[in-house]
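Everything below concerns the one structure shown next.
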Amino acid sequence: MSYDGLSQVLLVEKAQKGNQEALSILIHQHRMKMLQWANKIVRNSAKAEDIVQDALIQTLHNIGSLEDPQKFLPWLRSIVRNQSLMALRSSGARLESPVDDASLDEIGIASHNQKNDPYTYTFASQVLSEVEARIEGLGKREQAVMRLHVLEGHSTSETAERLGINSSAVYTALSRARKKLMDFRFSDEVEKYISSRRRRGKPDIGGAVSVRYYSYASAYDTLTSMMMITAVALGNKQLTMTDIMASTGHAFRFHATEDLGISGPYLYDWTSSVLSGFENLGMSAKVHGGPGHQLKQPDAFTACLEDIFHALEQGIPVIAWGLNNAEFGLITGFNDKKKCWTITDTSTSGKELPYTKLGRTHPSMDWFVAIPQKPIKRVRYTNPVASMLLRGVNNIRGTDKTGNDFSLSGAATYQKWIGSFNRQRAIEPLSVAYNLAVLGESRLHARKFLNQLIDHRMVDSLLPESVLSPLTHSAQLFLSVSEKIQAVTKMFPLPFSADPTAPGPADRAALLLSKASKEEEEAANALEEAAWIINQKTTY
C-alpha cells in the first residue's frame, strides 16, 4: 500500500500506531522546514543539523502523546524551537532578538514548495544520506540499538527484549553510538579542512622549531610558563618569568576549590589572564573557548584550526589546555599526512596528538586554545604598570571571581586553608604541597617585580618619586609573606611528609597563614596607593 497520497492527519494517526512508513513520510515532508526553523534561531547551519537530529528523536519517542493529529505541525515546530533555545543556552550564545511562533510560521508557509530553495533541498537530502552513512559505521550492537530505539521509536525495554540484552546494555550502546557519531562528524570536518589546505597549496608538515619546556620556563604555574615560551618565539627574549607573572596578575593570585583539591590553582579566568597579560607586555593573542567551555560542535573546532595553522606556519607555538595532562601545554607542529599535532608540556616533548583529539581527550574537558600574535601598537590610556598593580590588588582581595560557585579567590582562600588547619581537617598531602608551591612561587615573583620597579625608578625615573614609598613597603611585606609560605611548605615535604592535620604542624601552619594573609591585605593597600600615584602623575 502506498502512503504518499494520504493526508497529513492520516499519516500522523498511522505513525502513532507504530507504522514506520507513515512516520518516514512525515519526516521526509517536514525535515527541510525543521532545518529552516532551527537555522532561523541559531543562525548556524551545522548547529541546525544537530538540533534537527535531536528534534527527530524527540518526535519519534513522543508522537504517541500528540492528542490532536491536526496540530502535528505546530507541535513539531515547538519541539524544534525548544531544542534550538536549549542549544543556544548550552553554548553560551545570546539570542539577538526574540523568536516567536509567528516568525517560524512564515518559514513553514514559504517552504511548502520545497524545491523553491535548491540549496535547502540539497542540504536536507545530504543530511539524510550522511546520517545513514554514519550509522553504518557503528558496531553491530550499536547499529541495532540505534535503529530500534532511535529510528523506529521502540522503548528501551522493547529494544532490550528484541535484542536479548538488558536495559543497561541499551543505554551503554546508545552512549557509545552518540560519541562515535560525533567523532565521525569531527573527522569529516578535519578531512574537509585538510582538503581545503591542499587546494590552497599549504604545507603538509610544519611548526615551531625546537620548542622545549625547560629552555625558558619551569614554573609550577604552567600557563605563565607557556606564555613565556611563546613570547620568546615571538622575539621577546629579554622577558623574564617575573615579567609574565606580573603582567598576568599571577604573582598575586591565590585560588582554591571548596574541598581544597589539587585543581585549585587553575580556577581563574584563563582568557583574561592571557589577553591582559600579553597586552601589558605589548603583545596580543586570540582565544578560543575558555574555562568551563566544552567543545561540542565541529564548527567551533574548524574555526579554531585556521588560527592554529597560521601561527604554526610562522613558527609560533600555540597554548592549549589538556593536551597530555590536566595542565597547559603547547602545540608546536602539525602533520597533515598523519593528521596529528606535535605537542609539548611539562611531562612530554614532541608527542603526537590526533587533530580530532584537540579539546576532546576527555568528555568533560575544558576547551581552551590561545594563539599568540606578533606585537601590535596600541594607544594606551592608562599606565601598564598601574594596570598590573591594580590587577594584583583585585587578586589579593579576591574580587577576580571566575563566575563559578565552587572556587575561592584571594583573602577567602587564605581563610579556607586556615580554617581547615584549625579544624585539623584531613587534606590530601599532595594538594597541600602543590597549592603551597604555587603560592610560594607567585609571591617570590611579586617581590621581584616590585623590586624591579623600585630599581628602575632609581636608575631612569620611569615612575614618579612619590611611588617609591608604597612600592618599598609592599615589597617588604611580600618578602615577609614569602618567608612564611616557605616555612609552611617545609612542614610538608613530599613524599615523606608529616601528617598535615597533626596538632603541631596544623596549628603552626594556620598561624603562619593568618599572619601572611594580614600582610597581604596591607600590601594590597600599598599597591593601590602606588597605582593611584602613577595614574595621577602619568599622562598618555
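Only a predicted model underlies this, so the values are computations on that prediction, with no experimental measurement involved.
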Please list, chain by chain and in numerical order, all residues satisfying side chain to side chain donor-acceptor pair (under 3.5 Å) with [X], sequence neighbours excluded.
X      : result
Gln83  : none
Ser272 : Arg391
Asn335 : none
Lys484 : Ser480, Glu519

Run the side-chain contact (heavy atoms from CB on, under 4.5 Å) check on Asp183 and Thr356 step by step: do they pass?
CA-CA 8 Å; Asp183 288 342; Thr356 54; over 6 Å; no
Quick one: pull up [atom1] in [X] and [atom2] in [Y] and give me the separation to the nearest 0.5 Å.
X      : Y      : atom1 : atom2 : answer
Arg253 : Leu267 : CZ    : CG    : 10.5 Å
Ser409 : Tyr414 : OG    : OH    : 11.5 Å
Thr472 : Leu477 : OG1   : CG    : 11.0 Å

Decide whether Ser225 and Tyr220 meet the rule of one side-chain donor and one side-chain acceptor closer than 3.5 Å.
no
Does the side chain of Asp243 come under 3.5 Å of the side chain of Thr240 through a donor N or O and an acceptor N or O?
yes
Check against side-chain contact (heavy atoms from CB on, under 4.5 Å), Thr346 and Glu327:
CA-CA 8 Å; Thr346 63; Glu327 62 180 358; 2.5 Å; yes
Within the supplied structure, the quantity of interest is the number of heavy atoms (other residues, nucleotides, ligands) at a distance under 6.0 Å from Arg176 CZ; does it exceed 12?
no
I'd like to know whether NE2 of His310 has more than 12 heavy-atom contacts from other residues, nucleotides or ligands below 6.0 angstrom.
no
Could you pull out all residues at least two apart from [X] that satisfy salt bridge (Lys or Arg N to Asp or Glu O under 4.0 Å)?
X      : result
Glu191 : Lys339
Lys338 : Glu352
Glu528 : Arg397
Arg200 : Glu306

Step-by-step side-chain hydrogen bond (donor to acceptor under 3.5 Å, both in side chains) determination, His250 to Ser442
CA-CA 6 Å; His250 288 214; Ser442 66; over 6 Å; no
Please list, chain by chain and in numerical order, all residues satisfying side-chain contact (heavy atoms from CB on, under 4.5 Å) with Glu521, sequence neighbours excluded.
Ser517
Sequence neighbours excluded, the answer for ring-ring contact (aromatic ring centres under 6.0 Å, His included) partners of Phe301 is Phe186
Can you pull the ring pair (Phe, Tyr, Trp, His ring centres under 6.0 Å) pairs that have at least one residue in residues 332-353, sequence neighbours excluded?
Phe309-Phe334, Phe309-Trp341, Trp341-Tyr355
Is there any salt bridge (charged side-chain N to carboxylate O under 4.0 Å, His left out) pair reaching into residues 226-236, and which pairs are they, with sequence neighbours excluded?
none
Give a yes or no on whether the backbone of Phe254 and the side-chain of Thr413 come within a donor-acceptor separation of less than 3.5 Å.
yes
Salt-bridge criterion met for Arg443 and Glu483 (N-O under 4.0 Å)
no
Determine the interplanar angle of the Tyr268 and His255 rings, folded into 0 to 90°, and report it as parallel if under 30°, tilted if 30 to 60°, perpendicular if over 60°.
tilted
